[in-house]
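All of these numbers come straight from a predicted model, not from anything done at the bench. Computed from heavy atoms alone, side chains included, the values below leave out hydrogens, waters and symmetry copies.
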Amino acid sequence: MPILGIETSCDETCAAVVEDGRRVRASVVASQVDLHRKYGGVVPEIASRAHLEALVPVIDEALAEAGLAADALEAVAVVHRPGLIGSLLLGLAAAKTLAWVEEKPLLGIDHVESHIYAACLERTAPVFPCVALVVSGGHTSLYRCDGPLEQTRLGATTDDAAGEAFDKVAALLGLPYPGGPSIDAAAAHGSPRAVPFSRPWLDREAFDFSFSGVKTAVLYHVRGQGADAKRRRTALSEAEVADVAASFQECVVDVLVGKTVRAADACGLDRVVLGGGVAANRRLRERMQQAAEEVGLDLVLPEPRFCTDNAAMVAGLACHRLRAGRVDALDLEARA
Ligand code: KG4
Ligand code: ZN
């Protein structure tokens, strides 16, 4: 039976219809990138207002693409944590309204858990048990996952998330917003060995991460020791920008791949899953693939469109919560 998913935790208004937790019948994503570009980052108030305008058309489009009327849905699922509070409230209000009017069960979904679940979409081979690396704009965490609803966190970033570091380094280098895909594109023309940024915490046994130092290292490399992040960018040639982008990216990828492989070994698991926007990064995918082949790990890489924020992962995970009877009441709250 089809479940409608709604995702509005940050700056993308998303709705999707997923059947049996895996088959994606529709996945609609309305990006707000154009609205936030001139500010160089997501402005929460603007994000909330844009969700308000986009939500009904996006839900209508998802239902139309799936060829369904709302009364044919089995349930309505929505991300209610974590995220920008105003953005979450909009999605939650829409989901509650639909669930109430159509008399369907409401399922509240955790955004990070849904990023892990993205690996299950359109896949028939097993995904669990596995070690999952979630790398997004807000999170960099490693989990041991014994099932879609059973995660144990092994470690997480103690400061910046990997995606946040990508975005800030891109801004420093004068690359266009949003930064992650810009670094990915610029790095393709540079040398990953041009600047030997030190690999933060790679040799520590714990599964925690830290990316704020490498961001500062890029700043000092570009503008000199003691530089102020607010000062204007020093002119770098296109080739120099590509080299710094590739070297920064390689540094982050080394740490992510190294810790993930070690976590799989520590847990005695031979399957690894990636999720979150940074999992769309081509170099990370390539290096993870190489590492998995070297040590004999089964690697599950979601399609890039299911790595960045989307509602298919939300509707998919909701199927398991519904089967487990973990339904929410209409007083479900949003958590920032
Ligand atoms: O999962 P996501 O769409 O939203 C959050 O939950 O945060 O992740 C967004 C993050 C942003 O920081 C964005 O720059 C990064 O994912 N990202 C990438 C790429 N595509 C998106 N980072 C590196 N390479 C990419 N190709
Ligand atoms: Zn996300």
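- Checked against the 6.0 Å centroid threshold, Tyr177 and Tyr39 do not count as a close aromatic pair.
- Contact annotation: the side chain of Phe248 approaches that of Phe197 to within less than 4.5 Å [non-hydrogen atoms, C-beta and beyond].
- His115 pairs by the ring pair (Phe, Tyr, Trp, His ring centres under 6.0 Å) definition with His111, not counting sequence neighbours.
- Scanning both residues, Ala170 and Gly179, for their nearest heavy atoms gives CB-CA, 3.3 Å.
- Taking a 6.0 Å sphere around CZ of Arg285, one finds it holds more than 12 heavy atoms contributed by other residues, nucleotides or ligands.
- Within a 6.0 Å radius of CD in Glu333, no more than 12 heavy atoms belonging to other residues, nucleotides or ligands are found.
- For the pair Ile116 and Val134, the minimum side-chain heavy-atom distance is below 4.5 Å.
- A salt bridge between Arg305 and Glu303 is present, with a side-chain N of the basic residue lying under 4.0 Å from a carboxylate O of the acidic one.
- The environment of CD in Glu122 is crowded: more than 12 heavy-atom neighbours from other residues, nucleotides or ligands sit within 6.0 Å.
- At least one donor-acceptor pair closer than 3.5 Å links the side chain of Lys259 to the backbone N or O of Ala206.
- Residues Glu150 and Arg144 form no side-chain contact, since every pair of their non-hydrogen atoms from C-beta on lies 4.5 Å or further apart.
- Using a 4.5 Å cut-off on side-chain heavy atoms (C-beta onward), Leu4 and Ile59 make contact.
- Here CZ of Arg321 is found 7.0 Å from CD of Glu113. Values are rounded to the nearest 0.5 Å.
- Linking Ile, Leu, Val, Met, Phe, Trp and Tyr residues whenever their side-chain heavy atoms come within less than 4.5 Å leaves Ile46 and Leu55 in two separate clusters.
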